[in-house]
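Proteins get letters first, then strands, A, B, ... in listed order; numbering begins at 1 in each. Just so you know, these numbers use all the heavy atoms, side chains as well, and skip hydrogens, waters and symmetry mates.
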Number of protein chains: 2
Amino acid sequence: MKIGARETERRMERITSAVKAAGVKLTIQRLEIFRELAASADHPSAEAVFEALHARMPTVSLDTVYRTLWLLTDLGLVHTLGPRHESVRFDPKLERHHHFVCLRCGLVRDFESAELDALRVPASAARFGRVEATHVEVRGVCSGCARKQGRKSGGRNDKEPKGGKGSNEHE
Amino acid sequence: MKIGARETERRMERITSAVKAAGVKLTIQRLEIFRELAASADHPSAEAVFEALHARMPTVSLDTVYRTLWLLTDLGLVHTLGPRHESVRFDPKLERHHHFVCLRCGLVRDFESAELDALRVPASAARFGRVEATHVEVRGVCSGCARKQGRKSGGRNDKEPKGGKGSNEHE
DNA sequence: CTCCTACCTGCGAATCATTCGCAAGTAGGT
DNA sequence: ACCTACTTGCGAATGATTCGCAGGTAGGAG
Ligand SMILES: [Mn+2]
Ligand SMILES: [Mn+2]
Ligand SMILES: [Zn+2]
Ligand SMILES: [Zn+2]
């Protein structure tokens, strides 16, 4: 699904200038990947971008698509759907509640809010289908991570080191 | 991180009775996995549950932990953090917006809402750290999936068949 | 209480998405 | 036109999750 040419153009402009400003080389594959992504409204996966591109450019590799998408993500030019954690996380609390998610370490904490629960689903969302639930995700940096801050730059790999799976047991 | 014994007990009760009602065998490993999960407040991964359990029960396999957690999920006794899609999805729209996510096929659509944007972050969430953004996810079944409905039961594998990566191109 | 059997479990191999390592290719400054 | 650091395309490596299968057991029948 594609968006209007006007908006696509605006995005391409923003992306190319930002990428150029970052001192990154503008290769044909990058330009095409930008174009493909800038025109889409369906939040494509790397694979989807790759497939779409493959018709026009049979030589691009899936790996390059991944590298380019992460490049854009690191530059803040695209977002990913929901902060990705390394693996699925399970929640035994069935009562209606919401989450605070630490972008650094993946810590997740519950919180309740009568105000949020009272919210009505906007018609702009309801038009897409039958709504079953709404969930608010507050993203930020947990106090634990804020303390031991500073170090690294800000790229995508600034997560807690791979070590013990039992990390994010802050607090 | 564990929650109070009172609440843990309540959850164990709910889980065991529901599982029994579903005509599923209550094995020791299942009971222990239930116990471990019911007591946790940190949204553990299967691996985390496995690790924690490994101390008490050195013989349980990670695979059984996975199978049990998905069993609970299918019975609606636990939830997973954010509807899992098969892979990362990228979003080129930087303007503040929210998402409607189809639980069946993974379709994701943008929607805006002044009302939602106006929301203040509740203190109950802000206490966990520095908030950077809040995002509302409305989950439901898209009109496309609603149309071709009925068929299958309701388990975790009722997603669109694996086929072409370019699915969820509904509408 | 014992017996049976459909349902479980532990394992090692198989999948899948994503990432690495490296040799060959090229954007872009000089 | 010429360098060379940054990029690519691959095929192999990873890491999370799932499968296939052979042996084990919950729990209902007798
Ligand atoms: Mn929760
Ligand atoms: Mn979006
Ligand atoms: Zn953190
Ligand atoms: Zn759908």
Item to check | Whole-Å distance separating the CG atom of B:Asp63 from the C1' atom of C:dG12 | outcome: 10 Å
Checklist entry - Just how far, in rounded Å, is C1' of C:dC11 from CZ of B:Phe50? => result 12 Å
Next on the checklist: Please determine whether a side-chain nitrogen or oxygen atom of B:Arg30 lies at a distance below 4.0 Å from atom OP1 or OP2 of C:dC7.
Outcome noted: no
Next on the checklist: Using whole Å, what does the distance between atom P of nucleotide C:dT9 and atom CE of B:Met57 come to?
Outcome noted: 9 Å
Checklist entry - Do you see a donor-acceptor pair shorter than 3.5 Å between the side chains of B:His99 and B:Asp110? => result yes
Item to check | Heavy-atom closest contact (B:Ser40 atom, B:Arg11 atom, distance) | outcome: O-NH1, 3.5 Å
Next on the checklist: How many whole angstroms separate atom CZ of B:Arg67 from atom C1' of D:dC21?
Outcome noted: 11 Å
Next on the checklist: Can you tell me if B:Thr27 touches the phosphate of C:dT9, counting only side-chain N or O atoms and a distance under 4.0 Å to OP1 or OP2?
Outcome noted: yes
Item to check | Integer-rounded Å distance: C:dC8 P and B:Leu72 CG | outcome: 12 Å
Checklist entry - If you check every side-chain atom of B:Trp70, which of C:dC11, D:dT18, D:dT7 has the closest atom? => result D:dT18
Checklist entry - Does a side-chain N or O from A:Ser61 land closer than 4.0 Å to OP1 or OP2 of D:dG9, or not? => result yes
Checklist entry - From the list D:dG9, D:dT25, D:dG20, which nucleotide is the closest neighbour of the side chain of B:Lys25? => result D:dT25
Next on the checklist: Base, sugar-phosphate or nothing for A:Ile28? Non-hydrogen atoms, less than 4.0 Å.
Outcome noted: sugar-phosphate
Checklist entry - B:Lys20 NZ to C:dC7 C1': how many Å, rounded? => result 17 Å
Item to check | Minimum heavy-atom distance B:Glu7-B:Ile3, with the two atoms named | outcome: CG-CD1, 3.3 Å
Checklist entry - Side chains of A:His79 and B:Asp91: do they bring a donor and an acceptor to under 3.5 Å? => result no
Checklist entry - Over how many whole Å does the gap from B:Glu32 atom CD to C:dC8 atom C1' extend? => result 16 Å
Item to check | Flag if over 12 foreign heavy atoms under 6.0 Å of CZ, B:Arg56 | outcome: yes
Checklist outcome for this item: Closest to the side chain of A:Gln29, out of C:dG10, D:dT8, D:dA26, is D:dT8
Item to check | Closest listed nucleotide, where the reference is the side chain of A:Val24 and the choices are D:dG9, D:dT7, D:dC10 | outcome: D:dT7
Item to check | Atom-pair distance (CZ on B:Phe34; C1' on C:dC8), nearest Å | outcome: 12 Å
Next on the checklist: So, does B:Thr64 get its side chain near the phosphate of C:dG10, meaning an N or O under 4.0 Å from OP1 or OP2?
Outcome noted: yes
Checklist entry - Which comes earlier along DNA chain D counting from the 5' end, the contact point of A:Leu62 or that of B:Leu26, where each point is its nearest nucleotide? => result A:Leu62
